[in-house]
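Encoded as C-alpha coordinates, the structure appears first; notes follow it.
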Protein chains: 2
Amino acid sequence: MGIFERKEGVTASSWIYDTLRQDLVNGRFTAGEKLAISALKERYGVGLSPLREALNRLAAYGLLIQENQRGFRVPRLARDELDDIADMRRALEGMALERAIQRGDAEWESELLAAAHRLKRADEAPEMEEEWERLHMRFHRTLVAPCGSAWLLRFIEQLHDQFDRYRRLAPGEPEVRHVLDAQHGELVELALARDVKGARALMDDHIQRSYEVALGSFAR
Amino acid sequence: MGIFERKEGVTASSWIYDTLRQDLVNGRFTAGEKLAISALKERYGVGLSPLREALNRLAAYGLLIQENQRGFRVPRLARDELDDIADMRRALEGMALERAIQRGDAEWESELLAAAHRLKRADEAPEMEEEWERLHMRFHRTLVAPCGSAWLLRFIEQLHDQFDRYRRLAPGEPEVRHVLDAQHGELVELALARDVKGARALMDDHIQRSYEVALGSFAR
DNA sequence: CTAGACCAAATAATCGATTTTTTATCTAAA
DNA sequence: TTTAGATAAAAAATCGATTATTTGGTCTAG
(Lines give C-alpha, C1' and ligand atoms only; values in the text may rest on other atoms or scores of the structure.)
Protein backbone atom coordinates (compact mmCIF):
# COMPACT_ATOMS: atom_id res chain seq x y z
CA MET A 1 0.00 0.00 0.00
CA GLY A 2 1.50 3.31 -1.05
CA ILE A 3 2.05 6.11 1.40
CA PHE A 4 1.36 8.90 -1.00
CA GLU A 5 -2.40 8.95 -1.21
CA ARG A 6 -2.65 11.70 1.41
CA LYS A 7 -2.88 14.08 -1.53
CA GLU A 8 -6.22 15.23 -0.17
CA GLY A 9 -8.84 15.80 -2.80
CA VAL A 10 -9.67 19.43 -3.33
CA THR A 11 -13.39 20.06 -3.45
CA ALA A 12 -15.03 23.15 -4.88
CA SER A 13 -15.93 24.04 -1.33
CA SER A 14 -12.40 23.75 0.04
CA TRP A 15 -10.96 25.60 -2.93
CA ILE A 16 -13.28 28.57 -2.64
CA TYR A 17 -12.70 28.60 1.11
CA ASP A 18 -8.93 28.85 0.70
CA THR A 19 -9.27 31.41 -2.05
CA LEU A 20 -11.68 33.63 -0.17
CA ARG A 21 -9.64 33.36 2.99
CA GLN A 22 -6.59 34.62 1.18
CA ASP A 23 -8.49 37.36 -0.57
CA LEU A 24 -10.03 38.48 2.70
CA VAL A 25 -6.69 38.55 4.49
CA ASN A 26 -5.15 40.40 1.55
CA GLY A 27 -7.79 43.07 1.67
CA ARG A 28 -9.28 42.31 -1.73
CA PHE A 29 -12.65 43.12 -0.20
CA THR A 30 -13.60 46.40 1.35
CA ALA A 31 -13.92 46.28 5.11
CA GLY A 32 -17.57 46.54 6.08
CA GLU A 33 -18.73 45.52 2.63
CA LYS A 34 -21.75 43.33 2.24
CA LEU A 35 -20.96 40.31 0.10
CA ALA A 36 -23.21 39.85 -2.90
CA ILE A 37 -23.35 36.11 -3.06
CA SER A 38 -24.42 35.85 -6.67
CA ALA A 39 -21.63 38.23 -7.66
CA LEU A 40 -19.10 35.99 -5.89
CA LYS A 41 -20.58 33.05 -7.73
CA GLU A 42 -19.75 34.73 -11.03
CA ARG A 43 -16.42 36.15 -9.97
CA TYR A 44 -15.04 32.84 -8.79
CA GLY A 45 -17.02 30.55 -11.05
CA VAL A 46 -18.36 28.28 -8.35
CA GLY A 47 -21.81 27.03 -7.50
CA LEU A 48 -24.00 28.34 -4.75
CA SER A 49 -23.70 25.38 -2.39
CA PRO A 50 -19.91 25.20 -2.12
CA LEU A 51 -19.79 28.97 -1.93
CA ARG A 52 -22.23 29.16 0.95
CA GLU A 53 -20.43 26.37 2.77
CA ALA A 54 -17.19 28.29 2.48
CA LEU A 55 -18.82 31.51 3.69
CA ASN A 56 -20.20 29.67 6.70
CA ARG A 57 -16.76 28.35 7.55
CA LEU A 58 -15.17 31.76 7.15
CA ALA A 59 -17.77 33.24 9.46
CA ALA A 60 -17.07 30.61 12.11
CA TYR A 61 -13.37 31.37 11.68
CA GLY A 62 -13.91 35.07 12.17
CA LEU A 63 -13.09 36.43 8.73
CA LEU A 64 -16.73 37.16 7.96
CA ILE A 65 -19.79 38.20 9.89
CA GLN A 66 -22.92 36.24 9.29
CA GLU A 67 -26.31 37.73 9.98
CA ASN A 68 -29.33 35.51 9.69
CA GLN A 69 -31.49 36.35 6.69
CA ARG A 70 -29.13 39.06 5.56
CA GLY A 71 -26.08 37.25 4.40
CA PHE A 72 -22.42 37.91 5.02
CA ARG A 73 -20.40 41.04 5.62
CA VAL A 74 -16.68 41.73 5.78
CA PRO A 75 -15.84 42.83 9.32
CA ARG A 76 -14.96 46.47 9.70
CA LEU A 77 -11.47 47.47 10.69
CA ALA A 78 -11.36 49.13 14.07
CA ARG A 79 -8.45 50.44 16.01
CA ASP A 80 -9.82 48.82 19.17
CA GLU A 81 -9.87 45.48 17.52
CA LEU A 82 -6.36 45.81 16.16
CA ASP A 83 -5.21 46.63 19.68
CA ASP A 84 -6.94 43.53 20.95
CA ILE A 85 -5.47 41.31 18.25
CA ALA A 86 -1.96 42.63 18.82
CA ASP A 87 -2.35 42.21 22.59
CA MET A 88 -3.44 38.65 22.16
CA ARG A 89 -0.64 37.94 19.72
CA ARG A 90 1.86 39.17 22.29
CA ALA A 91 0.36 37.03 25.03
CA LEU A 92 -0.17 33.86 23.02
CA GLU A 93 2.87 33.93 20.79
CA GLY A 94 5.02 34.83 23.76
CA MET A 95 3.67 31.84 25.65
CA ALA A 96 4.10 29.59 22.66
CA LEU A 97 7.64 30.75 21.98
CA GLU A 98 8.64 30.14 25.57
CA ARG A 99 7.33 26.60 25.43
CA ALA A 100 8.78 25.97 22.01
CA ILE A 101 12.24 26.98 23.18
CA GLN A 102 11.93 24.65 26.14
CA ARG A 103 10.71 21.74 24.08
CA GLY A 104 12.09 22.15 20.57
CA ASP A 105 14.55 19.44 19.52
CA ALA A 106 17.46 19.39 17.11
CA GLU A 107 15.21 18.79 14.13
CA TRP A 108 13.34 21.96 15.04
CA GLU A 109 16.57 23.91 15.10
CA SER A 110 17.30 22.76 11.57
CA GLU A 111 13.88 23.61 10.27
CA LEU A 112 13.99 26.97 11.98
CA LEU A 113 17.31 27.84 10.38
CA ALA A 114 15.98 26.72 7.02
CA ALA A 115 12.80 28.74 7.36
CA ALA A 116 14.73 31.83 8.41
CA HIS A 117 17.11 31.45 5.52
CA ARG A 118 14.35 31.10 2.96
CA LEU A 119 12.65 34.14 4.42
CA LYS A 120 15.84 36.17 4.35
CA ARG A 121 16.33 35.51 0.66
CA ALA A 122 12.77 36.60 0.03
CA ASP A 123 13.42 39.78 2.00
CA GLU A 124 15.76 40.84 -0.76
CA ALA A 125 13.39 40.08 -3.61
CA PRO A 126 10.78 42.81 -3.29
CA GLU A 127 9.02 41.66 -6.44
CA MET A 128 7.73 38.44 -4.91
CA GLU A 129 5.35 39.80 -2.31
CA GLU A 130 3.16 36.72 -2.24
CA GLU A 131 6.09 34.39 -1.82
CA TRP A 132 7.45 36.51 1.02
CA GLU A 133 4.10 36.43 2.80
CA ARG A 134 4.01 32.65 2.56
CA LEU A 135 7.53 32.28 3.91
CA HIS A 136 6.97 34.85 6.63
CA MET A 137 3.89 33.04 7.87
CA ARG A 138 5.77 29.78 7.70
CA PHE A 139 8.70 31.15 9.66
CA HIS A 140 6.53 32.32 12.51
CA ARG A 141 4.67 29.03 12.47
CA THR A 142 7.91 27.06 12.61
CA LEU A 143 9.18 29.20 15.46
CA VAL A 144 6.37 28.23 17.80
CA ALA A 145 5.54 24.83 16.33
CA PRO A 146 6.97 22.65 19.12
CA CYS A 147 5.14 24.51 21.87
CA GLY A 148 3.17 21.35 22.53
CA SER A 149 -0.31 22.83 22.29
CA ALA A 150 -2.39 22.31 19.19
CA TRP A 151 -5.00 24.74 20.48
CA LEU A 152 -2.49 27.46 21.13
CA LEU A 153 -1.16 27.09 17.59
CA ARG A 154 -4.66 27.22 16.22
CA PHE A 155 -5.46 30.45 18.04
CA ILE A 156 -2.20 32.02 16.97
CA GLU A 157 -2.85 31.23 13.33
CA GLN A 158 -6.29 32.73 13.60
CA LEU A 159 -4.86 35.89 15.12
CA HIS A 160 -2.23 36.11 12.40
CA ASP A 161 -4.91 36.10 9.74
CA GLN A 162 -6.79 38.82 11.59
CA PHE A 163 -3.68 40.87 12.13
CA ASP A 164 -2.67 40.61 8.50
CA ARG A 165 -5.95 42.13 7.35
CA TYR A 166 -4.66 45.34 8.90
CA ARG A 167 -0.99 44.99 8.12
CA ARG A 168 -1.42 44.29 4.45
CA LEU A 169 -3.58 47.33 4.06
CA ALA A 170 -1.04 49.60 5.71
CA PRO A 171 1.48 51.50 3.59
CA GLY A 172 4.96 49.96 3.56
CA GLU A 173 7.56 51.48 5.84
CA PRO A 174 10.96 50.40 4.49
CA GLU A 175 12.87 51.47 7.60
CA VAL A 176 10.70 49.58 10.06
CA ARG A 177 10.51 46.72 7.65
CA HIS A 178 14.27 46.47 7.66
CA VAL A 179 14.31 46.22 11.44
CA LEU A 180 11.55 43.63 11.40
CA ASP A 181 13.43 41.53 8.87
CA ALA A 182 16.55 41.62 11.00
CA GLN A 183 14.57 40.57 14.06
CA HIS A 184 13.66 37.29 12.41
CA GLY A 185 17.32 36.34 12.39
CA GLU A 186 17.78 37.50 15.96
CA LEU A 187 14.80 35.45 17.06
CA VAL A 188 16.46 32.37 15.63
CA GLU A 189 19.69 33.11 17.46
CA LEU A 190 17.94 33.55 20.79
CA ALA A 191 15.86 30.46 20.21
CA LEU A 192 18.89 28.34 19.42
CA ALA A 193 20.65 29.77 22.47
CA ARG A 194 17.55 28.73 24.43
CA ASP A 195 17.30 32.24 25.81
CA VAL A 196 13.67 32.22 26.83
CA LYS A 197 13.58 35.67 28.41
CA GLY A 198 15.45 37.31 25.59
CA ALA A 199 13.38 35.66 22.91
CA ARG A 200 10.13 36.65 24.58
CA ALA A 201 11.27 40.22 24.90
CA LEU A 202 12.28 40.34 21.28
CA MET A 203 9.03 38.77 20.16
CA ASP A 204 7.15 41.38 22.14
CA ASP A 205 9.09 44.10 20.42
CA HIS A 206 8.63 42.46 17.04
CA ILE A 207 4.88 42.35 17.42
CA GLN A 208 4.81 45.87 18.82
CA ARG A 209 6.62 47.24 15.78
CA SER A 210 4.44 45.25 13.41
CA TYR A 211 1.47 46.66 15.25
CA GLU A 212 2.73 50.18 14.72
CA VAL A 213 3.07 49.48 11.01
CA ALA A 214 -0.40 47.96 10.91
CA LEU A 215 -1.78 51.10 12.52
CA GLY A 216 -0.99 52.74 9.19
CA SER A 217 -4.04 51.02 7.76
CA PHE A 218 -6.01 53.80 9.42
CA ALA A 219 -4.06 56.55 7.70
CA ARG A 220 -6.27 58.98 5.91
CA MET B 1 -38.00 53.25 15.47
CA GLY B 2 -38.19 50.48 18.08
CA ILE B 3 -35.15 49.02 19.73
CA PHE B 4 -36.44 45.50 20.01
CA GLU B 5 -35.97 44.20 16.51
CA ARG B 6 -32.75 42.44 17.47
CA LYS B 7 -34.88 39.32 17.80
CA GLU B 8 -32.69 37.77 15.16
CA GLY B 9 -34.51 35.49 12.79
CA VAL B 10 -33.69 31.86 13.33
CA THR B 11 -32.91 30.07 10.10
CA ALA B 12 -32.92 26.31 9.64
CA SER B 13 -29.15 26.55 9.36
CA SER B 14 -28.66 28.46 12.61
CA TRP B 15 -31.09 26.21 14.44
CA ILE B 16 -29.42 22.98 13.41
CA TYR B 17 -26.04 24.53 14.19
CA ASP B 18 -27.07 25.36 17.75
CA THR B 19 -28.71 22.01 18.22
CA LEU B 20 -25.80 20.00 16.92
CA ARG B 21 -23.34 22.04 18.90
CA GLN B 22 -25.20 21.27 22.10
CA ASP B 23 -25.56 17.63 21.23
CA LEU B 24 -21.89 17.34 20.42
CA VAL B 25 -20.83 19.02 23.65
CA ASN B 26 -23.25 16.81 25.58
CA GLY B 27 -21.77 13.68 24.12
CA ARG B 28 -24.88 12.61 22.26
CA PHE B 29 -22.57 11.39 19.52
CA THR B 30 -19.90 8.79 19.95
CA ALA B 31 -16.38 10.18 19.83
CA GLY B 32 -14.71 9.14 16.61
CA GLU B 33 -18.02 8.40 14.94
CA LYS B 34 -18.52 9.20 11.30
CA LEU B 35 -21.62 11.28 10.78
CA ALA B 36 -24.12 9.87 8.33
CA ILE B 37 -25.46 13.03 6.81
CA SER B 38 -28.69 11.57 5.48
CA ALA B 39 -29.36 10.02 8.89
CA LEU B 40 -28.91 13.43 10.54
CA LYS B 41 -31.27 14.83 7.97
CA GLU B 42 -33.96 12.42 9.15
CA ARG B 43 -33.15 12.64 12.83
CA TYR B 44 -33.40 16.41 12.98
CA GLY B 45 -35.86 16.92 10.16
CA VAL B 46 -33.83 19.48 8.25
CA GLY B 47 -32.79 19.78 4.64
CA LEU B 48 -29.40 18.96 3.25
CA SER B 49 -28.22 22.50 2.58
CA PRO B 50 -28.75 23.98 6.05
CA LEU B 51 -27.38 20.80 7.56
CA ARG B 52 -24.19 20.92 5.54
CA GLU B 53 -23.75 24.60 6.30
CA ALA B 54 -24.02 23.85 9.99
CA LEU B 55 -21.55 20.97 9.75
CA ASN B 56 -19.10 23.24 7.98
CA ARG B 57 -19.38 25.81 10.74
CA LEU B 58 -18.95 23.20 13.45
CA ALA B 59 -15.84 21.92 11.73
CA ALA B 60 -14.38 25.43 11.58
CA TYR B 61 -15.22 25.78 15.26
CA GLY B 62 -13.46 22.56 16.15
CA LEU B 63 -16.36 20.38 17.19
CA LEU B 64 -16.15 18.29 14.04
CA ILE B 65 -13.46 17.11 11.71
CA GLN B 66 -14.03 17.61 8.03
CA GLU B 67 -12.25 15.47 5.49
CA ASN B 68 -12.67 16.34 1.87
CA GLN B 69 -14.79 13.83 -0.04
CA ARG B 70 -15.40 11.81 3.06
CA GLY B 71 -17.64 13.88 5.18
CA PHE B 72 -17.55 14.72 8.84
CA ARG B 73 -16.37 12.88 11.93
CA VAL B 74 -16.72 13.53 15.63
CA PRO B 75 -13.24 14.14 17.05
CA ARG B 76 -11.87 11.38 19.24
CA LEU B 77 -11.31 12.00 22.90
CA ALA B 78 -7.65 11.81 23.83
CA ARG B 79 -5.98 12.34 27.15
CA ASP B 80 -3.31 14.46 25.45
CA GLU B 81 -5.92 16.75 24.07
CA LEU B 82 -7.73 17.09 27.37
CA ASP B 83 -4.41 18.04 28.94
CA ASP B 84 -3.91 20.65 26.27
CA ILE B 85 -7.41 22.05 26.66
CA ALA B 86 -7.12 22.26 30.44
CA ASP B 87 -3.69 23.89 30.16
CA MET B 88 -5.04 26.49 27.80
CA ARG B 89 -8.05 27.12 29.97
CA ARG B 90 -5.74 27.79 32.91
CA ALA B 91 -3.61 30.17 30.90
CA LEU B 92 -6.38 32.03 29.11
CA GLU B 93 -9.01 32.14 31.82
CA GLY B 94 -6.38 33.13 34.32
CA MET B 95 -5.33 35.99 32.09
CA ALA B 96 -8.93 37.01 31.48
CA LEU B 97 -9.85 36.87 35.14
CA GLU B 98 -6.90 39.05 36.06
CA ARG B 99 -7.93 41.68 33.55
CA ALA B 100 -11.59 41.41 34.44
CA ILE B 101 -10.83 42.10 38.10
CA GLN B 102 -8.77 45.11 37.11
CA ARG B 103 -11.40 46.50 34.78
CA GLY B 104 -14.77 45.29 36.00
CA ASP B 105 -17.09 48.04 37.22
CA ALA B 106 -19.89 48.14 39.75
CA GLU B 107 -22.41 46.83 37.25
CA TRP B 108 -20.19 43.81 36.75
CA GLU B 109 -20.12 43.18 40.47
CA SER B 110 -23.90 43.12 40.52
CA GLU B 111 -24.19 40.77 37.57
CA LEU B 112 -21.54 38.53 39.02
CA LEU B 113 -23.37 38.25 42.33
CA ALA B 114 -26.59 37.54 40.50
CA ALA B 115 -25.01 34.88 38.29
CA ALA B 116 -23.41 33.21 41.31
CA HIS B 117 -26.66 33.24 43.20
CA ARG B 118 -28.63 31.70 40.35
CA LEU B 119 -25.97 29.05 39.98
CA LYS B 120 -25.98 28.28 43.69
CA ARG B 121 -29.68 27.65 43.68
CA ALA B 122 -29.28 25.32 40.74
CA ASP B 123 -26.53 23.48 42.64
CA GLU B 124 -29.19 22.30 45.03
CA ALA B 125 -31.63 21.15 42.38
CA PRO B 126 -29.96 18.05 41.00
CA GLU B 127 -32.91 17.32 38.75
CA MET B 128 -32.30 20.28 36.46
CA GLU B 129 -29.01 19.28 34.90
CA GLU B 130 -29.52 21.28 31.73
CA GLU B 131 -30.42 24.42 33.61
CA TRP B 132 -27.37 24.05 35.84
CA GLU B 133 -25.12 23.70 32.80
CA ARG B 134 -26.55 26.88 31.31
CA LEU B 135 -26.08 28.83 34.51
CA HIS B 136 -22.63 27.41 35.11
CA MET B 137 -21.48 28.45 31.67
CA ARG B 138 -23.03 31.83 32.19
CA PHE B 139 -21.34 32.32 35.54
CA HIS B 140 -17.91 31.65 34.13
CA ARG B 141 -18.65 33.91 31.19
CA THR B 142 -19.76 36.72 33.46
CA LEU B 143 -16.69 36.31 35.62
CA VAL B 144 -14.30 37.11 32.78
CA ALA B 145 -16.60 39.27 30.67
CA PRO B 146 -15.00 42.67 31.36
CA CYS B 147 -11.47 41.46 30.49
CA GLY B 148 -11.53 43.81 27.54
CA SER B 149 -10.60 41.33 24.85
CA ALA B 150 -13.26 39.95 22.54
CA TRP B 151 -10.79 37.48 21.10
CA LEU B 152 -9.79 36.17 24.49
CA LEU B 153 -13.44 35.62 25.36
CA ARG B 154 -14.01 33.86 22.08
CA PHE B 155 -11.13 31.47 22.63
CA ILE B 156 -12.22 30.76 26.18
CA GLU B 157 -15.72 29.89 25.05
CA GLN B 158 -14.35 27.56 22.44
CA LEU B 159 -12.17 25.84 25.02
CA HIS B 160 -15.12 25.49 27.38
CA ASP B 161 -17.08 23.65 24.73
CA GLN B 162 -14.14 21.37 24.10
CA PHE B 163 -13.58 20.78 27.79
CA ASP B 164 -17.22 19.98 28.40
CA ARG B 165 -17.16 17.19 25.84
CA TYR B 166 -14.95 15.38 28.32
CA ARG B 167 -16.47 16.58 31.56
CA ARG B 168 -20.02 15.70 30.68
CA LEU B 169 -19.00 12.19 29.78
CA ALA B 170 -17.20 11.64 33.06
CA PRO B 171 -19.02 10.03 36.00
CA GLY B 172 -20.18 12.49 38.64
CA GLU B 173 -18.09 12.83 41.77
CA PRO B 174 -20.33 14.37 44.43
CA GLU B 175 -17.47 15.21 46.79
CA VAL B 176 -15.38 17.06 44.23
CA ARG B 177 -18.51 18.60 42.85
CA HIS B 178 -19.29 20.04 46.25
CA VAL B 179 -15.87 21.65 46.43
CA LEU B 180 -16.22 23.01 42.91
CA ASP B 181 -19.61 24.51 43.71
CA ALA B 182 -18.18 26.23 46.77
CA GLN B 183 -15.32 27.63 44.72
CA HIS B 184 -17.73 29.59 42.57
CA GLY B 185 -18.76 31.60 45.60
CA GLU B 186 -15.16 32.05 46.68
CA LEU B 187 -14.24 33.28 43.22
CA VAL B 188 -16.87 35.97 43.53
CA GLU B 189 -15.55 37.05 46.92
CA LEU B 190 -11.99 37.32 45.66
CA ALA B 191 -13.14 39.14 42.54
CA LEU B 192 -15.12 41.67 44.53
CA ALA B 193 -12.16 42.11 46.88
CA ARG B 194 -10.08 42.76 43.72
CA ASP B 195 -7.64 40.11 44.87
CA VAL B 196 -6.01 39.33 41.55
CA LYS B 197 -3.42 36.88 42.84
CA GLY B 198 -5.85 35.02 45.02
CA ALA B 199 -8.47 34.79 42.32
CA ARG B 200 -5.99 33.50 39.78
CA ALA B 201 -4.75 30.87 42.18
CA LEU B 202 -8.28 29.75 42.94
CA MET B 203 -9.20 29.68 39.28
CA ASP B 204 -6.16 27.51 38.63
CA ASP B 205 -7.25 25.15 41.34
CA HIS B 206 -10.82 25.17 40.09
CA ILE B 207 -9.79 24.20 36.59
CA GLN B 208 -7.35 21.63 37.91
CA ARG B 209 -10.07 19.89 39.92
CA SER B 210 -12.49 20.04 37.01
CA TYR B 211 -9.77 18.54 34.89
CA GLU B 212 -9.37 15.68 37.32
CA VAL B 213 -13.09 15.05 37.17
CA ALA B 214 -13.03 15.20 33.38
CA LEU B 215 -10.27 12.61 33.35
CA GLY B 216 -12.97 10.21 34.49
CA SER B 217 -14.26 10.20 30.94
CA PHE B 218 -11.46 7.74 30.25
CA ALA B 219 -12.54 5.38 33.01
CA ARG B 220 -12.94 1.83 31.82
C1' DC C 1 -43.29 67.38 4.64
C1' DT C 2 -43.15 62.81 7.49
C1' DA C 3 -44.48 58.28 9.30
C1' DG C 4 -46.34 54.42 8.09
C1' DA C 5 -48.40 50.98 4.72
C1' DC C 6 -47.88 48.70 0.72
C1' DC C 7 -45.76 46.56 -3.16
C1' DA C 8 -42.12 45.01 -6.37
C1' DA C 9 -37.47 43.78 -6.97
C1' DA C 10 -33.46 41.86 -5.00
C1' DT C 11 -31.35 38.71 -2.13
C1' DA C 12 -31.00 34.90 1.25
C1' DA C 13 -32.27 30.41 2.41
C1' DT C 14 -33.78 26.03 1.28
C1' DC C 15 -35.20 22.01 -1.45
C1' DG C 16 -34.96 18.05 -4.65
C1' DA C 17 -32.38 16.01 -8.04
C1' DT C 18 -27.89 15.04 -10.31
C1' DT C 19 -23.02 14.26 -10.53
C1' DT C 20 -18.81 12.73 -8.54
C1' DT C 21 -16.13 10.14 -5.42
C1' DT C 22 -15.50 6.73 -2.01
C1' DT C 23 -16.32 2.32 0.03
C1' DA C 24 -17.61 -2.39 -0.08
C1' DT C 25 -18.00 -6.64 -2.60
C1' DC C 26 -16.77 -9.90 -5.76
C1' DT C 27 -13.75 -12.43 -8.95
C1' DA C 28 -9.64 -14.12 -11.09
C1' DA C 29 -4.83 -14.57 -11.10
C1' DA C 30 -0.47 -15.25 -8.37
C1' DT D 1 -4.89 -17.70 0.99
C1' DT D 2 -3.49 -13.09 -0.78
C1' DT D 3 -3.76 -9.30 -4.16
C1' DA D 4 -5.22 -6.57 -7.88
C1' DG D 5 -8.88 -5.14 -10.65
C1' DA D 6 -13.51 -4.47 -11.74
C1' DT D 7 -17.99 -3.05 -10.37
C1' DA D 8 -22.06 -2.14 -7.61
C1' DA D 9 -23.80 0.37 -3.75
C1' DA D 10 -23.42 4.18 -0.72
C1' DA D 11 -22.20 8.60 0.42
C1' DA D 12 -20.44 13.26 -0.49
C1' DA D 13 -20.52 17.18 -3.22
C1' DT D 14 -22.69 20.07 -6.34
C1' DC D 15 -26.26 22.06 -9.29
C1' DG D 16 -30.57 24.38 -10.77
C1' DA D 17 -34.77 25.83 -9.32
C1' DT D 18 -38.05 27.24 -5.65
C1' DT D 19 -39.46 29.53 -1.49
C1' DA D 20 -39.03 32.99 2.09
C1' DT D 21 -37.34 37.31 3.68
C1' DT D 22 -35.46 41.73 3.29
C1' DT D 23 -34.80 46.06 0.96
C1' DG D 24 -36.02 50.13 -1.39
C1' DG D 25 -39.23 52.80 -3.57
C1' DT D 26 -43.91 54.89 -3.92
C1' DC D 27 -48.03 56.33 -2.20
C1' DT D 28 -51.22 58.14 1.22
C1' DA D 29 -53.01 59.99 5.53
C1' DG D 30 -52.11 63.02 9.04
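We use all heavy atoms of the structure for the numbers below, so side chains are in, but hydrogens, waters and symmetry mates are not. Each chain gets a letter, A, B and so on, in the order its sequence line appears, and its residues count up from 1. For clarity, every value in this text was computed on a predicted model and none was experimentally measured.
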| request: Could you note down all residue pairs passing salt bridge (Lys or Arg N to Asp or Glu O under 4.0 Å) where residues 101-111 of chain A supplies at least one of them, sequence neighbours left out? | output: E109(A)-R194(A)
| request: Please state how far atom CZ in R70(B) lies from atom P in dA24(C), giving the value in whole angstrom units. | output: 11 Å
| Donor-acceptor pair between E212(B) and Q208(B) side chains, under 3.5 angstrom | yes
| message | Under 3.5 Å, is there a donor on one side chain and an acceptor on the other for D87(A) and Y211(A)? | response | no
| query | Among residues 32-40 of chain B, which residues get a heavy atom nearer than 4.0 Å to DNA chain D? | reply | K34(B), L35(B), I37(B)
| query | Tell me the salt bridge (Lys or Arg N to Asp or Glu O under 4.0 Å) pairs involving residues 135-155 of chain A, sequence neighbours left out? | reply | R141(A)-E157(A)
| field | Distance-only side-chain donor-acceptor flag, N56(A) / Y17(B), under 3.5 Å | value | no
| What class does the angle between the rings of H184(B) and H206(B) fall in, given that below 30° is parallel, 30 to 60° is tilted and above 60° is perpendicular? | perpendicular
| task | May I ask you to check whether Q158(B) and Q162(B) show a side-chain donor-acceptor distance below 3.5 Å? | result | no
| Lys/Arg-Asp/Glu bridge criterion (N-O < 4.0 Å) met for E173(B), R177(B) | no
| Rounded to whole angstrom units, what separation is found between the CD atom of Q66(B) and the C1' atom of dA13(D)? | 11 Å
| task | May I ask you to check if R89(A) and F163(A) form a cation-pi contact, with NZ or CZ under 6.0 angstrom from the six-membered ring centre and within 45° of the axis? | result | yes
| said: Just to verify, which of R90(A), E98(A), H140(A) counts as forming a side-chain contact (heavy atoms from CB on, under 4.5 Å) with M203(A)? | reply: H140(A)
| said: Can you pull out the residues from residues 42-55 of chain B that lie within a 4.0 Å heavy-atom distance of DNA chain D? | reply: L48(B), R52(B)
| Contact letters for nucleotides 5-10 of chain D, in which S counts primed atoms plus P, OP1 and OP2 and B counts the base, heavy atoms under 4.0 Å | ------
| query | Rounded to the Å, how far apart are K41(B) NZ and dT14(C) P? | reply | 14 Å
| request: Nearest whole angstrom, please: distance from the C1' of dA13(C) to the CD of E67(A). | output: 15 Å
| task | Using atom CZ of F72(A) as one end and atom C1' of dA13(C) as the other, report the distance to the nearest whole Å. | result | 10 Å
| Given atom CD1 of I16(A) and atom C1' of dC15(D), what is their separation to the nearest angstrom? | 16 Å
| field | Sequence-distant partners of D164(B), salt bridge (Lys or Arg N to Asp or Glu O under 4.0 Å), two or more places apart | value | R167(B)
| field | Integer-rounded Å distance: dA20(D) P and Q69(A) CD | value | 12 Å
